[in-house]
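Bear in mind the structure is a predicted one, so any value in this text is a computation, not a measurement. In what follows, chains carry the letters A, B, and so on, assigned in the order in which the sequence lines appear, proteins first and then strands, with residues in each chain numbered from 1.
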Number of protein chains: 2
Amino acid sequence: MSGTHSGRPRVGCRPILEDKWALVVVDSLATGARRFTELKRGIDGISQRMLTVTLRNLERDGILLRTVHNVMPPHITYELTPLGSTFLQAARPMMQWAEANVDRVEQARADYDSRAG
Amino acid sequence: MSGTHSGRPRVGCRPILEDKWALVVVDSLATGARRFTELKRGIDGISQRMLTVTLRNLERDGILLRTVHNVMPPHITYELTPLGSTFLQAARPMMQWAEANVDRVEQARADYDSRAG
DNA sequence: CCGAATCCTTTCCGATACTG
DNA sequence: CAGTATCGGAAAGGATTCGG
């Protein structure tokens, strides 16, 4: 036995965990609903296409909710669902670890590369 | 402001977070050192190539340590470094969330697909 | 037993152009 | 504003073969 690994592939969750932008998009919705352009501006380096794709996938997964507001002019907002909020809570430690240890990891890489070319 | 997102791309951590197999390999080392073949047997669906690549990357990142034992016959073990242990601790909540919510996510997908084709 | 190397297919993803 | 459509290069990743 090895930790929490169950033996079968975690089909259905992997796409979230592996998605290049999913974590940062979810994180961007931490403080409440946002519009497409707000998200685009707030996320460094994301293309329009990838933001669209990421939002669609997260909506499909039940992580966020897409709402069309019929005011004038009409606009669309994205916000976390309850399931999305629990996901964000669970993901926070890992994001914080990443933020806190980027330098250590890069140092380890530099060391490794200098040893082995 | 939006959660823990700093605005700059998290260069250096993304490869770990995005890697298809990194989490499950790290998790497989939770209980101690393992040999290549043990890992291969324990991880469902991983190819020899991807296990090799994943182990190299994690070693390079300072997450795990590769040790060549000069006994007869010689063998090689992989184990988490202290940095790797902190990574695993940080990743646990997300892995547990994934394990606990696969069904919910798949249900959400089925609902979404039945609504929109 | 633990890989490295090669081949080949699939998927990702940015750039660009267009739409209601 | 909030997308959709299409293209093409880049990267991932499986299968297979070979080596120490």
Rounded to whole Å, CG of A:Leu55 lies from C1' of D:dC1 at a distance of 14 Å
Which nucleotide in the set C:dA4, C:dA15, D:dG3 lies at the smallest distance from any side-chain heavy atom of B:Thr52? C:dA4
What is the separation between atom CZ on B:Arg66 and atom P on C:dC2, rounded to the nearest whole Å? 10 Å
Is there a side-chain polar atom (N or O) of A:Thr37 under 4.0 Å from OP1 or OP2 of D:dA2? yes
Toward the 5' end of DNA chain C, by each residue's nearest nucleotide, A:Gly45 or B:Arg56: B:Arg56
How many whole angstroms separate atom CG of B:Leu39 from atom C1' of C:dC2? 12 Å
Please determine if a side-chain N or O atom of A:Arg49 lies less than 4.0 Å away from the OP1 or OP2 oxygen of D:dT6. no
Nearest-angstrom distance from the residue atom CZ of A:Arg41 to C1' of D:dA2: 13 Å
Does any part of the side chain of B:Phe87, heavy atoms only, come nearer than 4.5 Å to the side chain of A:Asn101, both counted from C-beta? no
Could you state the CD1-P distance from B:Ile43 to C:dC2, rounded to the nearest angstrom? 13 Å
Quick check against the 3.5 Å criterion: does A:Thr54 have a side-chain atom that pairs as donor or acceptor with the backbone of A:Trp21? no
Looking only at side-chain atoms of A:Ile76, point me to the closest of C:dG14, D:dA15, D:dG3. D:dG3
With the side chain counted from C-beta on, respond yes when A:Phe36 and A:Leu51 share a heavy-atom pair under 4.5 Å apart, and no when they do not. yes
Specify the separation, in whole Å, of atom CG of A:Asn57 and atom C1' of C:dT11. 13 Å
Among D:dG14, D:dG3, C:dC2, which nucleotide has an atom closest to any side-chain atom of B:Met50? D:dG14
Write down the distance between CH2 (A:Trp21) and P (C:dC13), rounded to a whole number of angstrom. 9 Å
Does any non-hydrogen side-chain atom of A:Asp113 lie less than 4.5 Å from one of B:Arg60? yes
Tell me whether A:Glu106 contacts the main-chain N or O of A:Asp103 through its side chain, where contact means a donor paired with an acceptor under 3.5 Å. no
Integer-rounded Å distance: D:dC1 P and A:Tyr78 OH: 13 Å
Does the side chain of B:Arg35 get closer than 4.0 angstrom to OP1 or OP2 of C:dC2 through an N or O atom? yes
What nucleotide, of D:dC1, D:dG3, D:dT6, holds the atom closest to the side chain of A:Gln48? D:dG3
